[in-house]
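Single-structure report; data block below.
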Amino acid sequence: MKQSILLFILVLIPLCMEQANAFIKLVGVAKKIEFISLTRAFNVSYKVHYPKSVTNQSIDLDIDVTRTIKDLRLTFLYHTVTRNGTVQNALIRRPIDICFFLRNPKSDRLVKTVYDYVNDRSILPTRCPFGPGSYSARNIRTSDVPVPAFLPPAEFLLELLYYSEVRAEKLMEFRVHGKLVRLIDGILPK
């Protein structure tokens, strides 16, 4: 008896529901960007275009390197932020040897998806060591950056901390304060 009722419910539910042909995507929206250079080796400037737009927001970066960089490490940290503004423990924490990653980009799938997107719009070093020069990233649209599906739609803090591997000295800090929102068919839910 219980099995027949369960079977009836399982058959009836799909018939009563409308099919939703909606495309749902998580997108990041930057609210504030902070950059701190702790060395004279890097001079970075950035500009946020359309800061109040969810779908058209973009970032341009200009990076001037003043000396040869033989090794570079990155610590990639993604934190959620509670409603009262408290930063939680990192959901994602990835130490990355950039020189190793440039030689073996398939070594980290998560980082590779973001790197591929940024690299298509950039003039960045392709191997280590890299010398003095000007590098740039243009039209990095925050709504187009791939976001892992397991992240919750919430306020976030993304930290990119760059270190010299030999001396373990911090070279740069790049922070993005923002929010992940769901777009349904390109429209923000209310």
Does atom [atom1] of [X] have more than 12 heavy-atom neighbours from other groups under 6.0 Å away?
X: Arg138; atom1: CZ; value: yes
X: Asn89; atom1: CG; value: no
X: Leu38; atom1: CG; value: yes

Flag for Ser136-Asp62: side-chain donor and acceptor within less than 3.5 Å | no
Would you check if there is a donor-acceptor pair between the side chains of Gln57 and His49 at a distance under 3.5 Å?
-> no
For Arg141, does its backbone N or O pair with a side-chain atom of Ser58 as donor and acceptor, under 3.5 Å?
-> no
Is the backbone of Lys106 close enough, under 3.5 Å, to the side chain of Asn104 for a donor and an acceptor to pair up by distance?
-> no
For [X] and [Y], which heavy atoms make the closest approach, and how far apart are they?
X: Leu171; Y: Tyr163; value: CD1-C, 3.9 Å
X: Pro152; Y: Leu180; value: O-CD1, 3.6 Å
X: Ser122; Y: Ile140; value: OG-CD1, 4.5 Å
X: Asp144; Y: Tyr117; value: CB-OH, 3.4 Å
X: Thr66; Y: Asn43; value: CG2-ND2, 3.8 Å
X: Pro132; Y: Thr68; value: CD-OG1, 3.7 Å

[X] versus [Y]: any side-chain heavy-atom pair under 4.5 Å?
X: Phe42; Y: Asp64; value: no
X: Val176; Y: Leu157; value: no
X: Arg73; Y: Phe100; value: no
X: Phe76; Y: Ile96; value: yes
X: Ile92; Y: Arg94; value: yes
X: Val54; Y: Ser143; value: no
X: Val65; Y: Phe130; value: yes
X: Leu74; Y: Leu161; value: no

Please answer: with hydrophobic residues joined when any side-chain heavy atoms are less than 4.5 Å apart, are [X] and [Y] in the same cluster?
X: Val81; Y: Leu158; result: no
X: Ile59; Y: Ile36; result: no
X: Val111; Y: Leu160; result: yes
X: Leu72; Y: Leu77; result: no
X: Tyr78; Y: Leu110; result: yes

For Tyr162, which of Ile69, Thr75, Ile98 qualifies under side chain to side chain contact (heavy atoms under 4.5 Å, CB included)?
-> Ile98
Would Leu91 and Thr80 satisfy side-chain contact (heavy atoms from CB on, under 4.5 Å), going step by step from the backbone distance to the final call?
-> CA-CA 7 Å; Leu91 284 177; Thr80 56; 3.3 Å; yes
Phe174 and Tyr46 aromatic ring geometry - parallel, tilted or perpendicular at 30°/60° bounds = perpendicular
Ion pair present between Lys112 and Asp108, side-chain N to carboxylate O less than 4.0 angstrom?
-> no
Please name the residue in the list Glu159, Arg175, Gln88 that meets the side chain to side chain donor-acceptor pair (under 3.5 Å) test with His79.
-> Glu159
All N/O donor-acceptor pairs, side-chain side in residues 26-33, below 3.5 Å, sequence neighbours left out:
from	atom 1	to	atom 2	distance (Å)
Lys31	NZ	Glu155	OE1	3.2
Lys31	NZ	Glu155	OE2	2.8
Lys32	NZ	Glu34	OE2	3.1

Partner residues of Tyr115 under the ring pair (Phe, Tyr, Trp, His ring centres under 6.0 Å) criterion, sequence neighbours left out | Phe101
